[in-house]
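All ligand and atom numbering here is 1-based and tracks the order in the structure. Basis for what follows: all heavy atoms, side chains included, without hydrogens, waters or symmetry-related copies.
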Amino acid sequence: MVSRAGLVLKPYLLAVTGGIGSGKSTVSHYFAERQLPVLDLDQVGHLLLTEEDVKLALYLQFGADICANDGAIDRGKLAARCFLDSAAMATLNGVMHPKIWQYVLQWMDAQPNEKILVIEASVLIEAGFASRVDGVLVVMADRAIRQQRVALRDCCSEERFHQITAMQCSDASRRAVADWVIENNHDLLSLRTKIEAVYNELLNRVRGALT
Ligand code: ATP
């Protein structure tokens with residue numbers, strides 16, 4: 001985008017983050033409905049697992065145990081290998097996080113005329129991406145509510161939920177980098193009202209940069 005002074009500005013990059021089941025995807029869908037381009041970094045991670053250089057890097061780190069018969073990375077095996085082993089998880093992240101960020105940069109470069117771009121990033125803080133974005137929207141909900149919602153959504157067991165939350169950063173560290181916090185403990189209508197308020201503030205912020 002170009003300011004009135006003729007300066008070429010990059011699109012404003014908003015990150016949506018939060019704990020498991022907090023409502024990140026629901027919030028991101030709202031932005032997509034408003035025609036903002038949205039990139040889900042979990043999906044980027046899955047896509048990158050099919051790329052040859054990533055496959056090779058992971059194969060060299062973890063060996064053939066993480067591969068399916070056809071040589072593809074088996075996500076289930078990879079997750080099982082890294083899930084309860086923090087050193088293995090750090091190794092996996094060391095391969096994936098730089099690749100994911102590289103993908104984000106290419107995605108941004110491909111749409112220089114957009115005013116606002118949104119990434120949905122569950123690992124924003126853990127991956128060290130928070131300082132690289134222009135704004136952070138944290139979605140929060142009480143733990144019991146999140147657990148109930150993901151159990152309903154995809155039969156996530158209590159044990160699995162606890163394992164995932166144990167690997168994720170704290171609400172306090174999310175709040176520390178937040179430009180906006182949306183509490184999502186009530187119904188979808190209430191959530192929508194809060195997102196609309198953030199969306200309007202976001203537009204004002206970007207308009208401000210253009211004047
Ligand atoms: P994950 O961390 O697993 O990727 P997420 O943070 O993206 O999850 P969502 O998938 O958006 O969370 O929400 C979890 C579930 O809760 C979904 O089924 C969603 O439809 C539902 N949900 C989200 N917000 C609300 C709400 N306010 N009221 C009722 N259900 C909700």
Task: ligand 1 atoms in contact with I20 (distance to a heavy atom under 4.0 Å) - done: 2 (O), 3 (O)
Open item on the list: Please tell me whether D42 and S122 have a donor and an acceptor in their side chains that are separated by less than 3.5 angstrom.
Closed with: yes
- [ ] Please determine if D179 and R205 form a salt bridge, counting it only when a charged side-chain N lies under 4.0 Å from a carboxylate O.
- [x] yes
Open item on the list: Does any N or O of ligand 1 fall below 3.5 Å from an N or O anywhere on R153, backbone included?
Closed with: yes
TODO: For K55 and G71, work out which heavy atoms get closest and say how close.
DONE: CE-O, 3.8 Å
Task: R143/E158 ion pair, N-O < 4.0 Å - done: no
TODO: Only heavy atoms count here, so choose which of N185, N184, V150 is nearest to atom 27 (N) of ligand 1.
DONE: N184
- [ ] Answer yes or no: does an N/O atom from G21 fall short of 3.5 Å to an N/O atom of ligand 1?
- [x] yes
Open item on the list: I'd like to know if K10 and D134 make a salt bridge, using a cut-off of under 4.0 Å between side-chain N and carboxylate O.
Closed with: no
Task: Nearest-contact summary for atom 25 (C) of ligand 1 - protein heavy atom, Å - done: L188 CD2, 3.3 Å
TODO: Please state whether the rings of Y199 and F31 are parallel, tilted or perpendicular, taking 30° and 60° as the class boundaries.
DONE: tilted
Task: Non-hydrogen atom of G18 closer than 4.0 Å to ligand 1 - done: no
Open item on the list: Using a 4.0 Å cutoff against the non-hydrogen atoms of E120, which atoms of ligand 1 qualify?
Closed with: 7 (O)
- [ ] Check step by step if side-chain contact (heavy atoms from CB on, under 4.5 Å) holds for R174 and V136.
- [x] CA-CA 9 Å; R174 292 194 187 98; V136 176; over 6 Å; no
TODO: Below 4.0 angstrom from a heavy atom of H186, which ligand 1 atoms are there? Numbered from 1 as shown, please.
DONE: 26 (C), 27 (N), 28 (N)
Open item on the list: Side chain or backbone, does G23 bring an N or O within less than 3.5 Å of an N or O on ligand 1?
Closed with: yes
- [ ] Identify, for atom 21 (C) of ligand 1, the protein heavy atom at the shortest distance, and state residue, atom and that distance.
- [x] R149 CD, 4.1 Å
Task: Atoms of ligand 1, numbered as shown, that sit under 4.0 Å from any heavy atom of G19 - done: 2 (O), 6 (O)
Open item on the list: Testing the basics here: between Y30 and R192, what is the closest heavy-atom pair and its distance to 0.1 Å?
Closed with: CE1-NH1, 3.5 Å
TODO: Mark yes or no for whether K99, through its side chain, and G45, through its backbone, hold a donor-acceptor pair below 3.5 Å.
DONE: no
TODO: Could you check atom 5 (P) of ligand 1 against the protein and tell me its nearest heavy-atom contact, residue, atom and distance included?
DONE: K24 N, 3.5 Å
Open item on the list: Give the atom numbers and elements of ligand 1 that come within less than 4.0 Å of a heavy atom of T26.
Closed with: 9 (P), 11 (O), 13 (O), 19 (C), 23 (C)
